[in-house]
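Written out below as structure tokens is the structure these notes cover.
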Amino acid sequence: MGQEESRNEEMDLAQIQELCIVFMKECPSGALHLHEFKRIFGVQSTSEEESLYIETIFHSFDTNRDNALDFLEYVAALHLILRGNLEDRLKWSFKMYDKDGNGKLDRQEVKRIIRIIYKIKLQKSDISMTPTQICDRIFELVDQNNDGQITLSEFMEGAQKDEWVMNMLKLDVNATSWVIQNCGKLP
């Protein structure tokens, strides 16, 4: 089992190295802009949901908010997506939901991301709830003090206590497989 884990880890490292080579080839200036990010990951302008999702991902990794990813931001993003632990991925998911950056999620912020995910992922599954119903259920299960906002600690606790909530909150539209699959489309 240890050898199998080691092989998977090596494969992840190889994939990260390949994506870093692409970064250097595509962005010799050292800055990756949104349109380049979309091109590298094969997001077509015809898919509004995928475009919104990748824009949200891009902005979540643009830590200095200069509308470009430098090499360190890019590597940090790849590491989180491909190898990040659950706690780090949940914190990242929270950051993606928290559009205004105030450290709390309101219903509008949660509903915005749920709508995007719903169009990409949930329509293909057997979930029969609307985005509004999903949002309401998340708030029922996670907003412990019923103040209409979800804090990071409520988000983390709620996701770890309930599998359904975890699946809704962690923003895993199979991001790892998506990155690996789209890495294969690169020139």
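Keep in mind it's a predicted model, so treat the numbers as computed, not measured. FYI, side chains are in, hydrogens and waters are out, and symmetry mates aren't considered; it's all heavy atoms of this structure.
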Short side-chain to backbone donor-acceptor contact, [X] and [Y], under 3.5 Å:
{"X": "Asn85", "Y": "Arg89", "answer": "no"}
{"X": "Glu154", "Y": "Gln144", "answer": "yes"}
{"X": "Asp62", "Y": "Asn67", "answer": "yes"}

Over 60° means perpendicular and under 30° means parallel, so classify the ring planes of Trp92 and Phe61, tilted if in between.
-> parallel

Please confirm whether Arg112 makes a cation-pi placement over Tyr97, using NZ or CZ under 6.0 Å from the six-membered ring centre and within 45° of the ring normal.
-> no

[X] side chain near [Y] side chain, heavy-atom distance below 4.5 Å:
{"X": "Gln160", "Y": "Met156", "answer": "yes"}
{"X": "Asp136", "Y": "Met129", "answer": "no"}
{"X": "Phe71", "Y": "Leu32", "answer": "no"}

Mind checking what makes side-chain contact (heavy atoms from CB on, under 4.5 Å) contact with Leu72, not counting sequence neighbours?
-> Asp70

How long is the gap from CG on Asp98 to NZ on Lys104, to the nearest 0.5 Å?
-> 10.5 Å

Quick one: list whatever passes salt bridge (Lys or Arg N to Asp or Glu O under 4.0 Å) with Glu36, sequence neighbours left out.
-> none

Excluding sequence neighbours, so at least two apart, what forms salt bridge (Lys or Arg N to Asp or Glu O under 4.0 Å) with Lys91?
-> Glu87

What do you reckon, is NZ of Lys95 surrounded by more than 12 foreign heavy atoms closer than 6.0 Å?
-> yes

Could you walk me through whether Glu157 and Ser153 pass side-chain hydrogen bond (donor to acceptor under 3.5 Å, both in side chains), step by step?
-> CA-CA 6 Å; Glu157 287 174 34; Ser153 63; 4.6 Å; no

